[in-house]
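For reference, the structure is listed below as structure tokens.
Throughout, protein chains are lettered first and strands after them, A, B, ... in sequence-line order, and every chain is numbered starting at 1.
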Number of protein chains: 2
Amino acid sequence: MTDTLDMVFAALADPTRRAILSMLLEDDMAVTDVAEPFEMSLAAISKHLTLLTRAGLISQEKRGRVKWCKLEPDGLRAASVWMQGFGQFEPVNLDAFERFLATEIPDAARDDG
Amino acid sequence: MTDTLDMVFAALADPTRRAILSMLLEDDMAVTDVAEPFEMSLAAISKHLTLLTRAGLISQEKRGRVKWCKLEPDGLRAASVWMQGFGQFEPVNLDAFERFLATEIPDAARDDG
DNA sequence: GTCATATTTAACCAAAAGGTTGACGATTGG
DNA sequence: CCAATCGTCAACCTTTTGGTTAAATATGAC
């Protein structure tokens with residue numbers, strides 16, 4: 001599963017990972033905090049996060065001993081374009097979406113603090 | 001995997017199934033004809049088609065001994081909506097998000113379109 | 001009726017997915 | 001330094017996925 005579309009769609013196929021993405025929509029989070037609401041081990045969440053990172057849907061940056069997870073909305077672009085091919089759907093307007101995040105959810109749109 | 005989004009995204013995660021959907025974009029096809037370009041048994045393709053049907057992405061209608069496969073683009077809608085919002089359980093953001101849809105993506109915000 | 005065609009089902013298999021626990025390396029704080 | 005915290009890795013397990021082949025079912029053609 002090295003193809004981008006394969007990885008993105010597979011990443012989205014799991015409800016835990018979709019929930020993680022929704023959480024990250026509000027704000028960047030540390031791995032431990034991402035894991036907190038789930039009834040599942042930290043190791044399992046860590047694997048989900050690795051998979052989301054490889055799919056390009058999030059990025060992870062280590063600061064001190066804490067690893068911060070950040071949504072990468074642009075990771076959806078290839079999938080969105082593919083779905084557009086089916087006609088009747090509008091593309092996900094990611095540029096506009098990021099502007100939306102910046103104005104409506106200032107914390108989540110921080111670039112560098 | 002009974003959740004609709006799970007099934008749709010999982011269905012899209014396989015390159016064979018995406019190729020099948022692309023083929024059906026051009027025209028309805030019989031199972032045998034769908035299978036023809038693939039280097040894989042007819043039984044395998046039959047399973048892929050069953051999965052696509054359960055995900056709501058295609059429908060199959062038997063006429064005589066031939067089973068016709070037809071694209072159901074509307075099956076992508078839930079996935080498309082999820083991707084637009086990148087998640088849906090943020091009550092605070094919903095109003096703003098709909099305003100966002102209305103201004104940036106007029107077509108997608110139609111209720112009866 | 002018999003044979004060919006279209007498709008599914010059953011039994012099987014290897015590999016991948018998703019989870020567990022426990023040990024480990026890195027970092028921070030007292 | 002020592003202990004606690006953060007996160008990953010390794011080993012393992014079970015279930016699902018994606019494929020195979022062979023047999024079965026249903027229909028059409030002659």
Side-chain angles (χ1 to χ4, degrees), chain A residues 1-24 27-71 79, chain B residues 1-24 27-71 79:
Chain A
M1 175 117 59
T2 56
D3 180 87
T4 299
L5 283 178
D6 290 5
M7 289 195 299
V8 169
F9 283 129
L12 296 179
D14 185 276
T16 299
R17 288 191 292 263
R18 287 198 307 278
I20 291 173
L21 292 175
S22 293
M23 290 164 59
L24 292 176
D27 209 348
D28 300 357
M29 294 177 78
V31 172
T32 301
D33 295 328
V34 169
E36 198 274 329
F38 297 99
E39 296 191 342
M40 172 184 318
S41 70
L42 181 62
I45 296 295
S46 176
K47 283 192 200 176
H48 282 304
L49 290 169
T50 298
L51 202 148
L52 286 168
T53 300
R54 278 195 282 136
L57 294 173
I58 69 169
S59 59
Q60 293 182 284
E61 182 200 355
K62 190 167 182 180
R63 287 207 299 271
R65 62 183 163 179
V66 173
K67 202 163 181 180
W68 293 90
C69 305
K70 178 181 184 337
L71 202 61
Chain B
M1 175 119 57
T2 56
D3 181 87
T4 299
L5 283 177
D6 291 5
M7 289 194 299
V8 169
F9 283 129
L12 297 178
D14 185 276
T16 300
R17 287 190 293 263
R18 287 199 307 277
I20 290 173
L21 292 175
S22 293
M23 290 164 60
L24 292 177
D27 210 348
D28 299 355
M29 295 178 78
V31 172
T32 301
D33 296 327
V34 168
E36 197 274 328
F38 297 98
E39 295 192 343
M40 172 184 319
S41 69
L42 182 63
I45 296 294
S46 176
K47 284 192 198 175
H48 282 304
L49 291 170
T50 298
L51 200 148
L52 286 168
T53 300
R54 278 195 281 136
L57 293 173
I58 68 169
S59 59
Q60 293 182 283
E61 182 199 356
K62 192 166 181 182
R63 286 208 299 272
R65 60 183 165 180
V66 174
K67 203 164 183 179
W68 293 91
C69 305
K70 178 181 179 347
L71 200 61

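- As a whole-Å value, the separation of A:L49 CG from D:dC6 P is 15 Å.
- Going from atom CG of A:L42 over to atom C1' of D:dT5 covers 11 Å, rounded to whole Å.
- Between B:S41 and the phosphate of D:dT20, there is a side-chain N or O to OP1/OP2 separation shorter than 4.0 Å.
- A side-chain donor-acceptor contact under 3.5 Å links A:T50 to the backbone of A:S46.
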Nucleic acid footprint by protein, nucleotides 23-30 of chain D - heavy-atom cut-off 4.0 Å, B for base, S for sugar-phosphate alone: ---SBSS-
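- With respect to B:D28 and B:R63, no salt bridge is recorded, no charged nitrogen being found less than 4.0 Å from a carboxylate O.
- For DNA chain C, the span of nucleotides reached by chain A at under 4.0 Å from its heavy atoms goes, 5' to 3', from C:dA17 to C:dT28.
- Between A:I45 and A:T16 the shortest side-chain heavy-atom distance falls below 4.5 Å.
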Show me the protein contacts with nucleotides 9-17 of chain D, counting only N or O atoms at under 3.5 Å.
none

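- Distance A:E61 CD to D:dC6 C1': 15 Å, rounded to the nearest Å.
- Look at CD on B:E39: it is 19 Å from P on D:dG18, rounded to the nearest Å.
- B:L24 places none of its side-chain heavy atoms less than 4.5 Å from the side chain of B:L57.
- Between A:R18 and B:F9 the shortest side-chain heavy-atom distance falls below 4.5 Å.
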